[in-house]
Amino acid sequence: MKHLLGTKDLTKEEILTILDMAAPMKDIILREIKKVPTLRGKIIATLFYEPSTRTKNSFELAAKFMSADTVSISVATSAVQKGESLRDTVYTLEAMGVDAIVIRHSRNGAPHYLASFSKASIVNGGDGQNEHPSQALLDLFTIREHKGRIEGLKVLILGDIMHSRVAKSNIYALSKLGAEVIVSGPPTLIPEHVKEYAEVCYDVDAAIRKADVVNVLRLQLERQQAGLITSLQDYHATYGLTKERVAKGKDDLLILHPGPMNRGIEIDEEVAYSRQSVIQEQVSNGVAVRMAIYYLLLGGAQA
Ligand code: CP
């Protein structure tokens with residue numbers, strides 16, 4: 001692997017390799033001294049054109065735990081503000097010796113464009129409404145830790161499927177590993193083509209009753225076009241993960257959310273912090289999975 005652009009491009013074996021590699025990485029971050037020399041001498045840049053708390057900081061921490069040097073380009077204070085293009089920004093980073101660039105961009109395909117010319121490894125930290133592969137990989141890692149497998153599990157992805165890069169990356173990866181993917185949410189937010197990969201179940205309560213795992217998506221208020229939902233109150237009443245809905249599901253239903261959460265809209269606070277929720281574990285596992293991604297991209301095997 002030279003780049004990580006999406007789970008659509010990964011084979012089952014590549015996904016399993018990343019998940020398997022993340023387990024020893026998790027052992028490292030549970031140590032008192034969270035530092036190994038694996039990527040000493042490597043330089044990793046984060047280039048985020050959209051806001052991020054989890055993805056950006058966990059990619060940066062993962063690099064630091066592996067002894068890579070890091071640079072963080074803040075688009076708000078960089079030469080991008082003077083009109084520098086994405087291509088020239090990447091050439092500039094390469095000229096400084098950067099080995100890998102983690103990019104988040106609002107345009108679908110921005111990481112794929114960089115990968116077409118960049119000498120550095122490109123890691124997709126989320127591109128538009130296309131993919132968010134590291135999020136899906138950490139979701140699968142968390143599910144596998146709790147359930148012991150992915151194959152045969154019924155995984156419900158609930159909410160704003162249309163605008164969600166997390167949903168797409170999860171659907172591709174889960175399908176490759178043999179999970180039965182169910183999607184549920186408002187018909188206006190479920191694209192027709194998702195039926196190629198997943199069972200669509202508009203009745204949320206019925207979907208929850210079937211599920212072993214539910215991954216609740218953030219309602220992407222910033223990407224909504226007028227009229228796709230009637231109101232936030234209606235959305236919560238019809239599609240929100242409430243404690244009453246969870247009570248209708250399996251006792252060991254596992255609850256995930258990629259964050260950031262709109263509490264009281266797609267998920268209730270008491271559900272987000274319930275015994276079945278692994279939302280905080282997802283964040284911790286994100287660092288381990290991103291360490292595994294670096295290891296596989298940057299020749300950690302030679303260390
Ligand atoms: N899950 C996720 O991508 O969160 P951030 O936007 O905080 O990176």
Side-chain angles (χ1 to χ4, degrees), residues 4-8 18-19 22 29 44-65 70 72-76 100-111 122-143 145 155 157-174 185 189 213-224 241 254-263 265-267 271-273 277-294:
L4 177 66
L5 303 177
T7 58
K8 193 175 189 179
I18 295 168
L19 301 187
I29 61 178
I44 295 172
T46 51
L47 177 59
F48 275 55
Y49 286 77
E50 281 188 347
S52 168
T53 299
R54 279 147 285 269
T55 311
K56 181 171 184 291
N57 288 301
S58 64
F59 267 118
E60 289 176 6
L61 275 178
K64 289 177 203 297
F65 291 167
T70 56
S72 168
I73 294 90
S74 165
V75 167
I101 299 170
V102 184
I103 178 166
R104 172 171 287 187
H105 202 282
S106 58
R107 298 294 293 267
N108 291 9
I122 302 297
V123 181
N124 184 357
D127 65 319
Q129 296 170 26
N130 183 37
E131 282 228 40
H132 191 347
S134 64
Q135 178 68 47
L137 292 164
L138 76 88
D139 291 345
L140 265 68
F141 180 81
T142 306
I143 294 168
E145 265 198 334
V155 181
I157 303 179
L158 173 62
D160 182 355
I161 310 292
M162 178 186 286
H163 298 103
S164 176
R165 52 199 179 202
V166 174
K168 291 178 188 75
S169 288
N170 261 279
I171 289 169
Y172 297 138
L174 287 164
L189 294 178
V213 177
V214 55
N215 198 344
V216 188
L217 300 174
R218 182 173 72 86
L219 182 63
Q220 301 205 12
L221 300 168
E222 73 280 19
R223 298 192 212 268
Q224 296 297 332
L241 196 66
L254 199 67
I255 299 167
L256 290 86
H257 189 303
M261 289 183 275
N262 297 305
R263 292 182 201 188
I265 301 178
E266 73 267 2
I267 189 166
V271 173
Y273 292 98
S277 166
V278 289
I279 295 170
Q280 292 300 105
E281 280 178 55
Q282 285 174 270
V283 177
S284 309
N285 288 339
V287 180
V289 167
R290 287 162 179 137
M291 288 169 77
I293 291 167
Y294 286 146

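Atoms within each ligand, like the ligands themselves, are counted from 1 in listed order. Just so it is clear, the model here is predicted, and its values are computed rather than measured. All values below come from the heavy atoms of this structure, side chains included, with hydrogens, waters and symmetry mates left out.
Remark: the Gln282 side chain and the Thr142 side chain contain no N/O donor-acceptor pair separated by less than 3.5 Å.
Cation-pi geometry between Arg104 and Phe48 is not met at under 6.0 angstrom from the ring centre and within 45 degrees of the axis.
Residues Leu241 and Ile255 are in side-chain contact: their nearest non-hydrogen atoms beyond the backbone lie under 4.5 Å apart.
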TODO: Any chance you could lay out the side chain to side chain contact (heavy atoms under 4.5 Å, CB included) test for Leu256 and Ile279, step after step, and finish with the verdict?
DONE: CA-CA 5 Å; Leu256 290 86; Ile279 295 170; 5.5 Å; no

Open item on the list: Under the criterion salt bridge (Lys or Arg N to Asp or Glu O under 4.0 Å), I'd like the reasoning laid out for Glu60 against Lys56: C-alpha separation, chi angles, the key distance, then a yes or no.
Closed with: CA-CA 6 Å; Glu60 289 176 6; Lys56 181 171 184 291; 3.1 Å; yes

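In this structure, the salt bridge (Lys or Arg N to Asp or Glu O under 4.0 Å) partners of Glu145, at least two apart in sequence or on a different chain, are Lys26.
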Give every pair made of an N or O atom of ligand 1 and a protein N or O atom lying under 3.5 Å apart, one pair per line with both atom names and the distance to 0.1 Å, or write 'none'.
from	atom 1	to	atom 2	distance (Å)
ligand 1	1 (N)	Gln135	OE1	3.1
ligand 1	1 (N)	Pro258	O	2.9
ligand 1	1 (N)	Gly259	O	3.1
ligand 1	3 (O)	Thr55	OG1	3.0
ligand 1	3 (O)	Arg104	NH2	2.9
ligand 1	3 (O)	His132	NE2	2.8
ligand 1	4 (O)	Arg54	NE	3.1
ligand 1	6 (O)	Arg104	NH1	2.9
ligand 1	7 (O)	Thr53	N	2.8
ligand 1	7 (O)	Arg54	N	2.9
ligand 1	7 (O)	Arg54	NE	3.1
ligand 1	7 (O)	Arg54	NH2	3.2
ligand 1	8 (O)	Ser52	OG	2.6
ligand 1	8 (O)	Thr55	N	2.9
ligand 1	8 (O)	Thr55	OG1	2.7
ligand 1	8 (O)	Arg104	NH1	3.4
ligand 1	8 (O)	Arg104	NH2	3.3

